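Given the structure is predicted, the values throughout are model-derived calculations rather than measurements.
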Amino acid sequence: MKKCCVLLVAMVCLMACKKTDDRASFDHEEQSKNWSEKVLSGAQNFEQSMFNFSSLTKEENFIENTVEINRLYDSIIVAYTEIEYLNVGIIRNDFLLTGLASRDINAELIVQILKDVDFDINAESINQLTAKAKGIYALDYVLFATNLDADSSRRQDYATALVEIIKNISLNIRQSWQADFANSSTDVALSFGGFRAQMLNAQLSLLEDVSNYKIGKPLGVFDGGDVQPQTLQFYYAHKSLLALKSTLELFEYYNTTSDYNTAKWLQSVSESGENYGQMLSEKTDVLMEEINKLDGQNLNEILVQNPEKLEAMYAASKDVLMHYKLFVLPTLGVTVTFNDNDGD
């Protein structure tokens with residue numbers, strides 16, 4: 001009996017040691033390297049998407065090829081969403097992205113230029129304009145807005161100029177990020193703690209932006225319940241759903257599905273961390289299920305006609321957000337460093 005007790009105790013100790021060893025095996029260097037490699041591929045994807053669209057603009061009357069425009073433009077939205085996400089994640093606030101996607105576009109100025117036949121539309125002249133008349137969202141408006149009473153050839157010239165400007169920016173972003181992260185596996189290793197804390201805070205900041213700005217504000221959560229479709233991301237071209245889904249898919253990747261995701265990191269820390277990691281995966285799954293229900297639908301029309309369809313998504317986003325704040329960061333020993341002004 002005594003031998004059995006000793007053997008049982010030994011087995012329990014061995015299992016405990018194995019569990020501790022498993023937790024300690026989480027490779028933070030590989031996690032950091034994984035993020036850095038994604039930064040490089042993200043910049044390359046954006047550059048490639050712009051070069052592909054640039055090739056289309058060389059075709060005669062390309063503005064009428066709506067099928068190809070939609071296909072290539074969707075790839076731009078997905079690629080841009082990725083670099084916007086990664087830019088926050090690496091805490092760069094890259095000057096190259098400044099003004100590239102001013103949500104508050106100056107539609108009146110764009111229409112004025114389109115109708116002013118004396119204004120010579122080219123990349124140089126358009127680049128002299130305010131950020132509200134160029135960049136991703138301006139291109140979005142010129143290509144897809146249904147209320148544009150303008151000559152198609154001038155729309156085509158404006159779109160071509162914008163694509164050329166954005167293509168050059170994409171090239172500069174890729175070259176800049178490649179220079180910064182070419183030796184990322186060693187450079188990042190110099191400051192593991194600071195890098196991981198920045199990365200997690202960035203995830204939280206991005207999630208708050210999705211919950212509050214991209215879902216909550218259009219729903220009227222902060223404005224007495226009156227829906228505000230004009231605040232949707234990519235409002236003019238009805239690409240809001242694609243941009244939102246792309247952002248959430250990236251959040252899902254880094255937090256629950258990549259080889260070195262946050263859920264696995266949590267599980268490596270403690271028993272409570274295991275629970276929080278599992279909960280993070282489950283809550284993220286619920287959020288993704290809610291946005292997948294809207295696939296193929298127009299987010300503008302949903303907001304106006306059936307805003308309740310977005311309420312479940314908003315609730316799911318807040319659930320993930322609160323879990324991140326209350327359990328994920330504290331368990332990993334990370335202090336929230338961004339301005340939390342969402343009222344909860």
What are the two closest non-hydrogen atoms of [X] and [Y], and how far apart are they?
{"X": "Leu248", "Y": "Val210", "answer": "CD2-CG1, 3.8 Å"}
{"X": "Glu59", "Y": "Gln156", "answer": "O-NE2, 3.9 Å"}
{"X": "Leu232", "Y": "Asn300", "answer": "CD1-OD1, 3.6 Å"}
{"X": "Phe119", "Y": "Ser125", "answer": "CE2-OG, 3.6 Å"}

How about [X]: does its [atom1] atom have over 12 heavy atoms from other parts shown lying under 6.0 Å from it?
{"X": "Gln175", "atom1": "CD", "value": "yes"}
{"X": "Gln230", "atom1": "CD", "value": "yes"}
{"X": "Glu308", "atom1": "CD", "value": "yes"}

Below 4.5 Å, heavy atoms only, C-beta onward: do [X] and [Y] meet side chain to side chain?
{"X": "Lys309", "Y": "Lys293", "result": "no"}
{"X": "Phe53", "Y": "Ile69", "result": "yes"}
{"X": "Phe251", "Y": "Tyr85", "result": "yes"}
{"X": "Ile169", "Y": "Leu100", "result": "yes"}
{"X": "Asn261", "Y": "Ser258", "result": "yes"}
{"X": "Phe46", "Y": "Val78", "result": "no"}
{"X": "Ser246", "Y": "Glu82", "result": "no"}
{"X": "Pro218", "Y": "Gln228", "result": "no"}

Backbone of [Y] reached by a side-chain donor or acceptor of [X] within 3.5 Å:
{"X": "Glu290", "Y": "Ala312", "value": "no"}
{"X": "Asp319", "Y": "Ala315", "value": "no"}
{"X": "Thr284", "Y": "Ser281", "value": "no"}
{"X": "Lys134", "Y": "Asn127", "value": "yes"}
{"X": "Arg154", "Y": "Leu114", "value": "yes"}
{"X": "Ser176", "Y": "Ile173", "value": "no"}

Examine the side chains of [X] and [Y] and answer whether a donor and an acceptor come within less than 3.5 Å of each other.
{"X": "Asn255", "Y": "Tyr324", "answer": "yes"}
{"X": "Asp116", "Y": "Gln112", "answer": "no"}
{"X": "Gln278", "Y": "Glu282", "answer": "yes"}

For this session: Show your reasoning for whether side chain to side chain contact (heavy atoms under 4.5 Å, CB included) applies to Ile136 and Ile76.
Result: CA-CA 9 Å; Ile136 296 288; Ile76 290 176; 4.1 Å; yes
Exercise. Which pairs, with at least one residue in residues 281-309 and sequence neighbours excluded, count as a ring-ring contact (aromatic ring centres under 6.0 Å, His included)?
Worked result: none
Exercise. Which residue pairs pass the ring-ring contact (aromatic ring centres under 6.0 Å, His included) test with at least one member in residues 272-292, sequence neighbours excluded?
Worked result: Tyr276-Phe327
Exercise. Would Ser211 and Ser317 satisfy side chain to side chain donor-acceptor pair (under 3.5 Å), going step by step from the backbone distance to the final call?
Worked result: CA-CA 6 Å; Ser211 182; Ser317 71; 3.1 Å; yes
Problem set entry | Nearest-0.5 Å distance that lies between atom CG in Leu321 and atom CG in Leu207 | 5.0 Å
Problem set entry | Within 45° cone and under 6.0 Å: Lys239 NZ/CZ vs Phe144 ring | yes
Problem set entry | side-chain hydrogen bond (donor to acceptor under 3.5 Å, both in side chains) involving Asn292 - partner list, sequence neighbours excluded | Lys245
